[in-house]
Amino acid sequence: MKLINTTFFTIGLILTLSACQPDATNDPTPDTGGIDFVGTWNRDSVIVNDIYENGLKIRLETWANLGVYNFNSDNQTGVMTHSGSDFAITWKYTSSSNSIVISEIDWINQAYQITQISSTKLILTGYLDTGGGNKNERILYLTKK
C-alpha cells in the first residue's frame with residue numbers, strides 16, 4: 001500500500017510541477033515574426049558609416065529625430081516626412097528573412113536586417129556597395145508612434 005501511495009504522490013508532484021511553466025507572455029525574448037509595420041514610425045536616429053575593405057569603419061553622419069516613416073496598410077507604399085517635406089516611399093517586409101526593403105531618396109531598394117527590441121522599437125541595418133570592396137552602413141533606430 002505504501003508503494004501505491006508513494007507512486008500517486010510522485011505522479012501528483014510531477015503533474016503539479018509541470019503545470020508551473022512560465023507564462024509565455026512574460027518572455028523577454030522579442031518576437032521577430034510578427035512585426036506590425038503599418039503606421040507611423042519616428043526615425044529616432046540615423047547613422048551612416050563607411051566600411052572599408054580592410055574592415056576600418058568611419059562614422060560619416062549621425063542624425064537625431066530625422067523625420068518619420070508612415071507605412072501604409074497596403075504593405076507597399078508610404079510617406080517619409082523629413083524637414084517639413086513629404087516624400088513617397090515603397091516598402092516590403094519579408095518575415096522569412098526578417099528583413100525589410102525600403103525605397104527612399106538616395107537609398108533605393110535598400111534591404112535592411114531587422115533587430116527587434118520590442119513591439120514598438122526596431123533597429124534596421126543596411127549596406128550600400130560603394131565599389132572597391134567598400135560599403136556604406138546605414139543604421140536606423142525607429143520607434144512606433
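Values in this document were obtained by computation on a predicted structure and should not be read as measured data.
- At a cut-off of 3.5 Å, with distance as the only test, no side-chain donor of Asn136 or Thr130 sits close to an acceptor on the other residue.
- Salt bridge Arg59/Asp50: absent, no basic N to carboxylate O contact under 4.0 Å.
- The hydrophobic cluster containing Tyr93 does not contain Val79, counting ILVMFWY residues as joined when their side-chain heavy atoms lie under 4.5 angstrom apart, directly or transitively.
- Residues Gln116 and Ile35 share a closest heavy-atom pair of OE1-CG1, 3.5 Å.
- Within the 4.5 Å cutoff, no side-chain heavy atoms of Thr94 are placed close to those of Ile100.
- Heavy atoms only, all atoms of each residue included: Ser99 and Gln113 are closest at CB-OE1, 3.6 Å.
- One finds the NZ atom of Lys135 at 5.5 Å from the CD1 atom of Ile51 (value rounded to the nearest 0.5 Å).
- Within the model, atoms CG of Leu128 and CG of Asn109 stand 11.5 Å from one another, a figure rounded to the nearest 0.5 Å.
- In this structure, OG1 on Thr120 lies 13.0 Å from NZ on Lys145, to the nearest 0.5 angstrom.
- Under the 30°/60° scheme for interplanar angles, the aromatic rings of His82 and Phe87 are found to stand perpendicular.
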In sequence, state the C-alpha distance, the side-chain angles, and the governing distance for Leu122 and Tyr141, and then conclude on side chain to side chain contact (heavy atoms under 4.5 Å, CB included). CA-CA 6 Å; Leu122 302 175; Tyr141 292 84; over 6 Å; no
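- Residues Ile114 and Phe37 form a side-chain contact, since some pair of their non-hydrogen atoms from C-beta on lies under 4.5 Å apart.
- Side-chain contact between Leu142 and Arg43 is present, with at least one heavy-atom pair separated by less than 4.5 Å.
- A chain of hydrophobic side-chain contacts below 4.5 Å, direct or via other Ile, Leu, Val, Met, Phe, Trp or Tyr residues, connects Ile105 to Leu66.
- Side chain of Lys144 to main chain of Asp36: a donor-acceptor pair is present (N/O by atom type, distance under 3.5 Å, no hydrogens or angles).
- Checking Arg138 against Tyr127 by side-chain atom types alone, no donor-acceptor pair falls below 3.5 Å.
- Distance check: Ile47 CD1 to Thr62 OG1 gives 5.0 Å after rounding to the nearest 0.5 Å.
- Thr125 has its side chain out of reach of Tyr112: every pair of non-hydrogen atoms, C-beta onward, lies at least 4.5 Å apart.
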Let's go through Asp44 and Thr143 carefully: what are the C-alpha distance in whole Å and the side-chain angles of both, what is the deciding distance for side chain to side chain donor-acceptor pair (under 3.5 Å) to 0.1 Å, and is it a yes or a no? CA-CA 7 Å; Asp44 299 329; Thr143 301; 2.3 Å; yes
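- Between the side chain of Asn54 and the main chain of Leu56, a donor-acceptor pair closer than 3.5 Å is present.
- Residues Ile108 and Leu124 fall into different hydrophobic clusters, defined by Ile, Leu, Val, Met, Phe, Trp and Tyr side chains chained together at heavy-atom separations under 4.5 Å.
- Clustering ILVMFWY residues whenever any of their side-chain heavy atoms sit less than 4.5 angstrom apart, transitively, puts Ile139 in a cluster other than the one holding Val68.
- By the ring pair (Phe, Tyr, Trp, His ring centres under 6.0 Å) test, Tyr69 pairs with Phe71, sequence neighbours left out.
- Under the rule for a side-chain contact (heavy atoms from CB on, under 4.5 Å), the partners of Asp74 that lie at least two apart in sequence or sit in another chain are Asn72, Gln76, Thr77.
- The distance from atom OG of Ser45 to atom CG of Asn65, rounded to the nearest 0.5 Å, is 7.5 Å.
- Atom NZ of Lys92 and atom CD1 of Ile102 lie 13.5 Å apart (nearest 0.5 Å).
- Using a 4.5 Å heavy-atom cutoff, the side chains of Ile58 and Tyr52 are in contact.
- Hydrophobic cluster membership is shared by Trp107 and Leu140, with clusters built from Ile, Leu, Val, Met, Phe, Trp and Tyr side chains linked at under 4.5 angstrom.
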